Colleague: 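Let me begin by handing over the structure; questions about it come next.
No experiment lies behind these values; they were computed from the predicted model shown. Just so we're on the same page: letters track the sequence lines, and every chain starts at 1.
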Amino acid sequence: MSFREFKEHVKKSVEIAIGEADYPLIDYELFEPPRPEFGDLSANVAFMIANKLGLNPLEVAEAIGDKLRIPEDSLIADFEVHEPGYINFKVRYPDLAYRSILDAISKEDYGSLNIGKGKKVCVEHTSVNPNKALHIGHVRNLVLGDSIYRVLKFTGHDVQILNYIDDSGSQIADIVVGFKYAGFPLEPPDGKKFDHYCGDHVYVKVNELYAKKPELIMKQKEVLKAMEEGKSDIADFAKELTKRILKEQLKTCWRIGAYYDCLNFESHIIEAKIWDRLFNLMKDKGIVQFVKEGELSGCWVIKMEGEDKEKVLKRSDGTLTYIAKDIPYAAWKIGLIEDPFQYDIFIKQPNGKDLWSSVSGKGKDEHPSFGNSDLAITVIDVRQSRLQKIISYILSLLGGKSEKKYLHLSYEVVSLSKKTADELGITIEKKEFIHMSGRKGIYMNADDVLDALHKKAYEETKKRNPDESEEWHHNIAEKVAISALRFDLIKQDLDKMIVFDLSEALNLEGETGPYVQYAHARASSIIQKAGIIPIITLDGASLLNDPIERELVKMISKFDLYVEEAVKNLSPKTLARYAYQLATDFNAFYERKPVLQEKDETKREARIALVHAFRNVVKTAFNLLGIETPDRI
RNA sequence: GGGCCCGUGGCCUAGAAUGGAUUAGGGCGUCAGCCUGCGGAGCUGAAGGUCGUGGGUUCAAAUCCCGCCGGGCCCA
């Protein structure tokens with residue numbers, strides 16, 4: 001925590017000095033200098049002022065330096081003006097070390113912030129069509145959404161997690177056709193998980209069959225129509241099928257560590273007929289226009305500022321385009337319409353939390369309030385950007401001056417590497433990767449990746465802990481597997497495509513989740529052997545003065561700054577990188593600074609406290625990424 | 001045709017919002033070391049770079065602006 005204080009102290013002192021030197025107050029940056037001899041924080045304020053006033057940066061820096069006064073009780077030890085114009089500050093290290101270690105070992109919520117207090121946020125993620133198993137691309141969505149949920153919660157937001165279920169699309173009809181008209185047995189012959197069976201066999205094969213047996217396409221249309229009308233054997237069958245697959249998908253989600261508050265079914269959105277209300281509202285406000293002539297004659301369209309093309313919402317034959325289903329749902333999320341849904345408990349989740357869902361007909365009288373958030377975050381990949389942009393635009397018009405916001409959190413897709421595709425029997429020409437497609441059978445199921453990771457981790461942990469039980473090994477292997485997968489999918493930038501390669505993913509060394517878990521386990525081992533309650537004194541803290549220790553301490557003291565960055569930018573990768581850096585600093589410390597063997601008692605106790613501090617922080621950071629940190633792996 | 005995104009050593013990647021410090025961080029892979037010291041999923045070191053390319057802005061550009069090339073996506 002105290003690095004933030006240090007930063008604030010510097011900021012205040014600089015501002016006072018700027019005023020006394022008669023310079024204008026200007027936006028500037030405090031950053032960590034590239035080399036330790038330049039101190040702990042640098043200000044580029046002299047450059048900014050010099051730029052604006054046409055002066056020499058060094059002279060400005062010196063003038064500010066002349067006026068700079070360090071208050072007695074501040075965390076600033078010293079400062080120095082350095083060419084070509086930086087003002088470098090040194091922290092009062094013993095105080096920084098003492099305070100941050102003390103906080104890290106004593107505060108349960110070390111690193112948490114209260115910046116989201118009173119703010120209601122909903123996060124929609126996963127939203128996989130319920131006709132197949134989750135593949136590795138869906139997991140990127142889930143991991144991103146779930147991590148953001150965790151960070152938002154940690155920073156005081158009131159968060160709800162939604163999962164949108166498109167139960168009325170043609171993909172559902174496809175598998176209904178498979179079971180009802182193409183002769184697939186309802187029970188997987190090989191005992192396969194039901195969602196895998198439906199996705200890998202029924203869905204893919206039915207789509208292949210359409211080419212050979214056109215009569216099946218007619219059947220698909222019939223099924224779709226029956227589903228739309230409801231209340232028929234086929235419609236009921238489709239509903240049950242969807243539920244069964246959904247429940248299997250949820251098992252995979254829970255396995256990865258994601259839980260939800262509410263499932264929103266597309267069929268219920270249609271049933272509630274909120275589109276008409278919304279459409280009238282849009283007509284009243286003049287957001288949509290009726291086209292009288294030309295190509296789009298008879299259509300209701302919307303025109304976005306700065307774009308020359310209209311987007312059709314309602315076709316001339318009265319049918320709605322895809323986006324017309326999304327707008328009501330989005331409007332519901334931020335409370336632009338009254339809640340039209342009925343709710344009931346869908347299932348109790350393994351973490352004990354009830355999972356609610358919208359229902360057809362009458363639901364439970366009492367239920368949590370869903371939707372109506374101040375901020376709605378929708379996690380969908382970049383291919384939906386245009387549609388999402390239109391939705392945001394429409395909502396901003398509908399909402400008027402309201403502070404409520406709809407946000408599309410976009411990320412690039414996951415594709416398969418040539419090598420991994422080859423191993424799955426998928427041939428690629430020329431290119432080094434291939435985009436996944438459920439319909440074409442080009443994908444890698446999440447459970448299969450996890451199973452492969454589990455197997456690898458199991459072999460490793462068994463070697464290391466030969467005396468433990470099978471159950472123990474599998475338990476740990478699973479946690480390591482989840483760690484490897486989640487870390488791998490969250491660590492890079494959202495606008496970069498991930499070319500998934502199984503053999504690379506199976507490497508559990510280097511910049512990976514297991515690396516961080518390993519550092520945590522090493523710390524736990526020391527703590528267990530030390531067997532004492534950690535204590536830290538100012539004297540002890542001042543002995544942690546080796547550059548290696550200073551790095552680790554400073555990293556710990558900056559945790560909340562990284563949390564803040566992660567939540568402000570909605571970028572969990574910040575925390576993944578932080579956790580990795582922290583673990584690297586710890587490993588360096590571990591290799592070179594003996595803890596238990598240290599002769600000097602004060603120093604030993606201080607180091608033990610540092611190990612405790614590290615362990616708490618890395619655990620919290622990984623929790624925010626949905627990754628567990630066992631004491632032994 | 002219009003729009004969005006990406007391009008950093010053999011491969012992957014951070015740094016880009018807010019331009020700065022004669023060493024552009026990591027990881028994989030390669031090579032060489034390190035357990036009679038708390039767990040080697042580790043540590044140390046080495047080799048490997050026109051930051052796609054050409055121009056512009058600036059005292060200063062991987063970072064900002066424009067053109068081009070290559071790749072991906074969306075819309076028509």
Side-chain angles (χ1 to χ4, degrees), chain A residues 27-31 33-35 37-39 42 44 46-48 50-51 54 56-58 82-86 88 295 304 306-311 381-390 410-413 415 417 419 431-433 435 456-457 459-461 463-465 480 483-484 488 491-501 503-505 507-530 548 565 568-569 571 573-574 576-577 580-581 583-584 586-598 604 607-608 611 631-633:
Chain A
D27 258 355
Y28 67 97
E29 199 185 351
L30 284 177
F31 60 97
R35 288 197 250 167
E37 62 263 37
F38 293 145
S42 286
N44 66 350
F47 291 98
M48 309 300 283
N51 243 335
N56 180 324
L58 189 57
H82 198 284
E83 54 186 14
Y86 294 99
N88 297 331
E295 226 182 332
M304 275 177 74
E307 282 203 15
D308 39 76
K309 270 161 203 142
E310 296 91 351
K311 174 78 193 166
D381 74 53
V382 65
R383 292 172 298 182
Q384 298 286 326
S385 290
R386 187 180 139 77
L387 286 182
Q388 289 293 316
K389 199 173 152 195
I390 295 168
S410 161
Y411 63 94
E412 258 292 352
V413 296
S415 61
S417 78
K419 192 162 160 256
K431 289 185 182 168
E432 286 309 305
F433 64 89
H435 284 291
K456 179 89 189 284
E459 283 160 10
E460 195 63 36
T461 196
K463 257 187 261 167
R464 292 156 187 270
N465 306 283
V480 172
S483 158
D488 209 33
K491 73 178 177 189
Q492 62 259 67
D493 204 83
L494 295 182
D495 44 79
K496 272 184 177 155
M497 186 201 291
I498 296 178
V499 179
F500 184 79
D501 185 90
S503 52
E504 273 176 33
N507 184 0
L508 307 182
E509 290 165 12
E511 198 177 16
T512 65
Y515 172 96
V516 179
Q517 286 179 313
Y518 180 66
H520 173 273
R522 280 176 143 184
S524 296
S525 178
I526 292 177
I527 286 165
Q528 195 217 333
K529 288 191 168 121
I548 289 174
E565 193 184 329
K568 281 196 171 155
N569 301 339
S571 119
K573 77 163 182 196
T574 303
R577 302 207 162 269
Y580 175 70
Q581 189 55 54
T584 302
F586 175 77
N587 273 334
F589 164 78
Y590 180 93
E591 295 283 343
R592 291 193 240 152
K593 299 288 156 193
V595 177
L596 302 176
Q597 274 75 22
E598 174 55 44
R604 185 174 65 244
R607 283 192 181 153
I608 290 172
V611 174
D631 286 334
R632 288 167 53 213
I633 65 170

Colleague: Looking across every strand, which nucleic acid part, if any, lies under 4.0 Å from A:Asp493 by heavy atom: base, sugar-phosphate, or nothing?
Modeller: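 Sugar-phosphate contact only.
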Colleague: Centroid separation under 6.0 Å, is that true for the rings of A:Phe47 and A:Tyr86?
Modeller: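 Yes - the distance between ring centres of A:Tyr86 and A:Phe47 falls below the 6.0 Å cut-off.
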Colleague: Assess the side chains of A:Asn587 and A:Tyr515: does a donor N or O sit below 3.5 Å from an acceptor N or O?
Modeller: yes
Colleague: Provide a list of protein-nucleic acid N or O atom pairs under 3.5 angstrom, restricted to nucleotides 36-39 of chain B.
Modeller:
unit_1	atom_1	unit_2	atom_2	d
B:C38	O3'	A:Lys529	NZ	3.1
B:C38	O2'	A:Tyr590	OH	3.3
B:C38	N3	A:Val595	N	3.1
B:C38	N4	A:Tyr590	O	2.9
B:C38	N4	A:Lys593	O	3.1
B:C38	N4	A:Pro594	N	3.3
B:G39	OP1	A:Ser525	OG	2.5
B:G39	OP2	A:Lys529	NZ	2.8
B:G39	O5'	A:Tyr590	OH	3.2
B:G39	O2'	A:Tyr518	OH	2.2
B:G39	O6	A:Ile633	N	3.3
B:G39	N1	A:Ile633	O	3.1
B:G39	N2	A:Arg464	NH1	3.0
B:G39	N2	A:Ile633	O	3.4

Colleague: B:A21 C1' sits how many Å from A:Phe31 CZ, rounded?
Modeller: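 Spelled out: CZ on A:Phe31 to C1' on B:A21 is 8 Å.
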Colleague: Could you list the residues that satisfy side-chain contact (heavy atoms from CB on, under 4.5 Å) with A:Ile527, not counting sequence neighbours?
Modeller: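 Per chain and number, A:Ile527 pairs via side-chain contact (heavy atoms from CB on, under 4.5 Å) with A:Val611, A:His612, A:Arg615.
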Colleague: Nucleotide by nucleotide, 5' to 3', does protein get under 4.0 Å of the base (B), only the sugar-phosphate (S), or neither (-) in nucleotides 71-76 of chain B, counting heavy atoms?
Modeller: -SSSS-
Colleague: Pick the closest RNA chain B nucleotide for A:Thr461 and for A:Pro33 by heavy atoms, then say which residue is nearer the 5' end.
Modeller: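 Residue closer to the 5' terminus by nearest nucleotide: A:Pro33.
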Colleague: Can you measure A:Gln492 atom CD to B:C5 atom C1' for me and round it to whole angstrom units?
Modeller: 15 Å
Colleague: Is it true that, when you exclude A:Glu37 itself, more than 12 heavy atoms of the residues, nucleotides or ligands shown sit nearer than 6.0 Å to its CD?
Modeller: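 Counting neighbours around CD of A:Glu37, more than 12 heavy atoms of other residues, nucleotides or ligands fall under 6.0 Å, so yes.
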Colleague: I'd like to check the side chain to side chain donor-acceptor pair (under 3.5 Å) partners of A:Tyr580; sequence neighbours left out, ordered by chain and number.
Modeller: none
Colleague: With a cut-off of less than 4.0 Å, is there a side-chain N or O of A:Tyr515 near OP1 or OP2 of B:C43?
Modeller: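 For B:C43, OP1 or OP2 has a side-chain N or O of A:Tyr515 closer than 4.0 Å.
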Colleague: How would you summarise protein contacts on nucleotides 25-31 of chain B per nucleotide, using B for base, S for sugar-phosphate only and - for none, with heavy-atom distances below 4.0 Å?
Modeller: -BSS---
Colleague: Salt bridge between A:Glu460 and A:Lys463, side-chain N to carboxylate O under 4.0 Å?
Modeller: yes
Colleague: Can you check the distance between B:G2 and B:G52, where both ends of the measurement are the P atom (answer in whole Å)?
Modeller: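 Approximately 25 Å lies between the P atom of B:G2 and that of B:G52.
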Colleague: Expressed in angstrom and rounded to an integer, what is the separation of A:Lys496 atom NZ from B:C11 atom P?
Modeller: 14 Å
Colleague: CG of A:Leu494 versus P of B:C5: gap in Å, rounded?
Modeller: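 That distance rounds to 14 Å.
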Colleague: Ring-plane angle category for A:Tyr590 and A:Phe586, please: parallel below 30°, perpendicular beyond 60°, tilted otherwise.
Modeller: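 A:Tyr590 vs A:Phe586 ring planes: tilted.
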Colleague: Any protein N or O atoms within reach of nucleotides 17-20 of chain B? Criterion: under 3.5 Å, listing atom names and distances.
Modeller:
unit_1	atom_1	unit_2	atom_2	d
B:U18	O2	A:Glu29	OE1	3.2
B:U18	O2	A:Glu29	OE2	3.2
B:G20	O2'	A:Tyr86	OH	2.6

